[in-house]
Amino acid sequence: MGIKVNGVADVLAMFRAYQNDVPKKIKQARYSKARQILNDAKKNAPKLTGKLRNSGIVENGEQVSKITFNADYAPFLEFGTGGNVDIPAGFEELAIQFKGAGKRQINIKAQPYLIPAFLKGSIEFKNECEQILKNNT
């Protein structure tokens, strides 16, 4: 007595395609979204001299995309200084790296440019990943 199951080869082919295509598509979406977040952050950035906007870069690794603004004053414009510090919830650990020693009292109003772009892009990236998974199941 034997049992024959039809469609096993098709199911296995689907799993192989899923295994190969989904990570590649998500990686491509991450690269694209990181560039979009950088561009949005540049648009949001204060227009003082252009140095801040020109200092923005994206580094895409295998698992992570990193968006950085290298102007030395970038975090102080993002979070503000002195009595004008404004740290969005969830970004405390990032902001604490840039806490001054308190030797000078300079009050620069927070002018967020990167975090708003990141928050918007993160939601869009999540939605894109969900769509990739949905289309590949």
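Taking Lys43 as the reference, nothing meets the salt bridge (Lys or Arg N to Asp or Glu O under 4.0 Å) condition, with sequence neighbours excluded. Under the rule for a side chain to side chain donor-acceptor pair (under 3.5 Å), Glu59 has no partner lying at least two apart in sequence or in another chain.
Under the 4.5 Å side-chain criterion, counting only non-hydrogen atoms from C-beta, Ile108 is not in contact with Asn84. With a 4.5 Å cut-off on side-chain heavy atoms, Glu78 and Ile115 count as touching.
When all heavy atoms of Gln111 and Pro46 are compared, the closest pair comes out as OE1-CG, 3.3 Å. For the pair Ala29 and Ile132, the tightest heavy-atom approach, listed with the atom from each and the gap, is CB-CD1, 4.1 Å. Nearest approach of Leu114 to Ile37, heavy atoms of both residues: CD1-CG2, 4.4 Å. Closest heavy-atom contact between Asn44 and Pro116: ND2-CB, 4.4 Å.
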Give every donor-acceptor pair under 3.5 Å between a side-chain atom in residues 88-97 and any protein atom, sequence neighbours left out.
residue, atom, partner, partner atom, Å
Glu92, OE1, Gly90, N, 3.0
Glu92, OE2, Gly90, N, 3.3
Gln97, NE2, Leu94, O, 3.4

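Both Ile106 and Leu52 belong to a common hydrophobic cluster when Ile, Leu, Val, Met, Phe, Trp and Tyr are linked at side-chain heavy-atom distances under 4.5 angstrom.
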Derivation and outcome, side-chain contact (heavy atoms from CB on, under 4.5 Å), residues Ile57 and Ile67: CA-CA 6 Å; Ile57 59 169; Ile67 303 162; over 6 Å; no
Stepwise, does the salt bridge (Lys or Arg N to Asp or Glu O under 4.0 Å) test hold for Glu130 with Lys126? CA-CA 6 Å; Glu130 287 173 353; Lys126 177 185 173 283; 2.7 Å; yes
Under the side-chain contact (heavy atoms from CB on, under 4.5 Å) criterion, do Asn127 and Gln131 qualify, and how do the steps go? CA-CA 6 Å; Asn127 292 338; Gln131 194 62 43; over 6 Å; no
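We find the NZ-CG distance between Lys109 and Asp86 to be 9.5 Å, quoted to the nearest 0.5 Å.
With hydrogens and angles disregarded, no donor-acceptor distance shorter than 3.5 Å links the side chain of Arg53 to the backbone of Lys47. Formation of a donor-acceptor pair under 3.5 Å by the Thr49 side chain with backbone atoms of Lys51 is found in this model.
Counting non-hydrogen atoms of neighbouring residues, nucleotides and ligands closer than 6.0 angstrom, the CZ atom of Phe125 exceeds 12 such neighbours.
Residue pairs satisfying the ring-ring contact (aromatic ring centres under 6.0 Å, His included) criterion with at least one member in residues 39-88, sequence neighbours excluded, are listed as follows: Phe69-Tyr113. Within the structure, ring-ring contact (aromatic ring centres under 6.0 Å, His included) pairs that include any residue of residues 34-66 do not occur (at least two apart or interchain). Residue pairs that meet the side chain to side chain donor-acceptor pair (under 3.5 Å) test with at least one member in residues 27-40, sequence neighbours left out, are Lys27-Glu62, Arg30-Ser65, Lys33-Gln36, Lys33-Glu124, Lys33-Glu128, Gln36-Glu124, Asp40-Lys120.
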